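This structure is a prediction, so every number in the text was calculated from the model and none was measured.
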Amino acid sequence: MDVWSSLMDGFATALTPMNFLYAVIGVILGTAVGVLPGLGPAMTVALLLPVTYALEPTSAFIMFAGIYYGGMYGGSTTSILLNTPGESSSVVTAIEGNKMAKAGRAAQALATAAIGSFVAGTIGTTLLAVCAPIVVQFAVSLGSPSYFAIMLLALLAVTAVLGSSRLRGFAALALGLAIGLVGIDSVTGQRRLTFGQPLLADGLDIVVVAVAIFAVGEALWVAAHLRRTPLHVIPVGRPWMGKKDWQRSWKPWLRGTVFGFPFGALPAGGAEIPTFLSYVTEKRLSKHPEEFGKGAIEGVAGPEAANNAAAAGTLTPMLALGLPTNATAAVMLAAFTGYGIQPGPQLFSSEGPLVWALIASLFIGNLLLLLINLPLAPLWAKLLQLPRPYLYAGILFFATLGAYSVNLQAFDLVILLVLGALGFMMRRFGLPVLPLILGVILGPRLEGQLRKTLQLSAGDPAGLWSEPIAVGIYIIIGLILLWPLAYKLIRRNRPQNSSLLPANSGAADYSD
């Protein structure tokens, strides 16, 4: 009952005229930027993050919720109409969505994506409202050793599964941890990595870092590979679905939600695995498997629902534990720290009204997304026809303006340029950007928990595994690090084992 009464209070705050207006603006802004090719939700949120800093925290986060879900919806529009996913989680949507669009069913593909996003987002946000307080009750019982182990697990798990190699992932993490060290040591008062520059004494602003790595780095990278030929946008009518489309979509929406939310809440779970699992499941269960690869509506409905349910799932560990599990959540965490608010177990007690207003605004933003974007789909399609040079010049302009507006210091523009070039070079050499951002955000907190643990144990390293939960997490970390070696040994021995089988043995023999 406490959850629902708190949620009703959140709705009362979020539905005031000004806050509702900010929710509408957030949805429109998020969709308008998210629909542009190559941007994606993380870059959308990073680019629009400085816009919210002129507002008081509650209004800012209500607007932010609209930007978050608007950016997610915009990514599916680009995938369907242009076959250009804004992020990896939209790749599966593009497989069938673009085929449907080319077959003259762009309206139906956009409609099932939008309605599926609404269904999954609503269910996912409900689960967030129920699960987050439960996670908080568990988290408040943890000590510093367990917190240190959980943060270490989040960093290593995300780093180990991203990028083309583990070496690149850990190199990106090392860069992020180094950037997080810049500034004055909170314990000794000594300056670290400031190079004699007084303006670096307070450290690098996380908003400037996020905008530089995501917005500037991505804009430079895409501009460097700009195609001179204009993009061909498939025309869109008024998105809606017939009775048969509804019958073929509602089950994939629910199954996609079941896949998406748990994976979104896991460190390194993300939306890529559940969207792929949803696609494979729908292909197996479909009564029209021959349509897959040619434009099956189930192949859009399921993965898009999984994607948005995962988006809601990522907010559970972020709000309850202060742990981001993907790039978008990392940028949202930067927004909290920018306001001086520390996400974690104490957030629900120290900033309860704000948190419940944020959760309520996710419901509101989800509904607005459906009501506003279905009629506006033809307008978003026209937005895709913007000339590419103007688009990326505009992104760089607004990124610069946003970074300068944070502290009103020209020095931040130098940092923006340097880190933007770093983001470009990381993409050039295949280094994933998420471990860097996580290193910047979680690095100082990881150091704080490590110092607190060692102080409590009088400097004895055994204090790091003095709690049962910490021991369990270190075992999981060991398994994550040792799995590649074990997998190589298994693969090396597999040919010897397979030679013992009959020549005609295989999965096909057991298909019936």
Side-chain angles (χ1 to χ4, degrees), residues 3-4 6-35 41 44-45 48 52 58-77 107 110-130 132 238-241 246 249-250 252-254 256-257 260-261 264 300-301 304-316 319 328 332 354-380:
V3 169
W4 299 116
S6 299
L7 188 58
M8 289 304 104
D9 291 340
F11 273 110
T13 303
L15 287 172
T16 59
M18 280 307 295
N19 285 340
F20 184 76
L21 176 63
Y22 285 128
V24 174
I25 293 171
V27 166
I28 295 174
L29 268 179
T31 309
V33 178
V35 80
T44 302
V45 173
L48 297 175
T52 64
T58 304
S59 299
F61 282 105
I62 287 173
M63 182 174 171
F64 214 61
I67 291 171
Y68 181 45
Y69 273 154
M72 296 295 295
Y73 176 81
S76 66
T77 304
L110 289 172
T112 194
I115 299 169
S117 298
F118 170 74
V119 171
T122 302
I123 296 173
T125 307
T126 304
L127 291 172
L128 165 67
V130 172
R238 182 62 57 85
W240 198 245
M241 300 191 300
W246 279 92
S249 294
W250 72 271
W253 290 336
L254 297 178
T257 303
F261 187 84
V300 178
E304 196 57 30
N307 190 11
N308 280 268
T314 60
L315 297 179
T316 304
L319 292 175
T328 312
M332 291 188 73
L354 185 148
V355 174
W356 288 108
L358 171 63
I359 294 174
S361 67
L362 290 171
F363 286 102
I364 296 166
N366 212 17
L367 180 61
L368 288 172
L369 203 63
L370 188 68
L371 298 177
I372 292 174
N373 285 332
L374 279 177
L376 289 182
L379 174 64
W380 302 135

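Here Phe11 pairs with Phe363 under the ring pair (Phe, Tyr, Trp, His ring centres under 6.0 Å) rule; sequence neighbours left out. Under the side chain to side chain contact (heavy atoms under 4.5 Å, CB included) criterion, Ala301 pairs with Thr112, Ser249, Pro252, Trp253, not counting sequence neighbours.
Rounding to the nearest 0.5 angstrom, the gap separating the CG atom in Leu370 from the OG atom in Ser117 is 9.0 Å. Note: Phe20 CZ to Leu368 CG = 4.5 Å, rounded to the nearest 0.5 Å. Separating the CG atom in Leu354 from the CG atom in Leu319 is a distance of 9.5 Å, to the nearest 0.5 Å. Annotation: the span from Asn308 atom CG to Ile123 atom CD1 amounts to 11.5 Å, rounded to 0.5 Å. Between the CD1 atom of Ile115 and the CG atom of Leu369 there is a distance of 12.0 Å, given to the nearest 0.5 Å. We find the OH-CD1 distance between Tyr73 and Ile372 to be 11.5 Å, quoted to the nearest 0.5 Å.
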Inset, instruction - Please lay out, stage by stage, how Leu358 and Leu315 fare under the test side chain to side chain contact (heavy atoms under 4.5 Å, CB included). - result: CA-CA 11 Å; Leu358 171 63; Leu315 297 179; over 6 Å; no
Inset, instruction - Would you sort out whether Trp250 and Val119 count as a side chain to side chain contact (heavy atoms under 4.5 Å, CB included), showing the intermediate values? - result: CA-CA 9 Å; Trp250 72 271; Val119 171; over 6 Å; no
Inset, instruction - Give the C-alpha distance, both sets of side-chain angles, the deciding distance and a yes or no for side chain to side chain contact (heavy atoms under 4.5 Å, CB included) between Val130 and Trp4. - result: CA-CA 9 Å; Val130 172; Trp4 299 116; 4.3 Å; yes
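Scanning all heavy atoms of the two residues, the minimum distance from Gly10 to Ala360 falls at C-CB, 3.5 Å.
A side-chain contact (heavy atoms from CB on, under 4.5 Å) with Tyr69 is found for exactly one of Asn366, Thr31, Val27, Ile364, namely Asn366.
Proximity of a side-chain donor or acceptor of Asp9 to a complementary backbone N or O of Trp356 within less than 3.5 Å is not detected.
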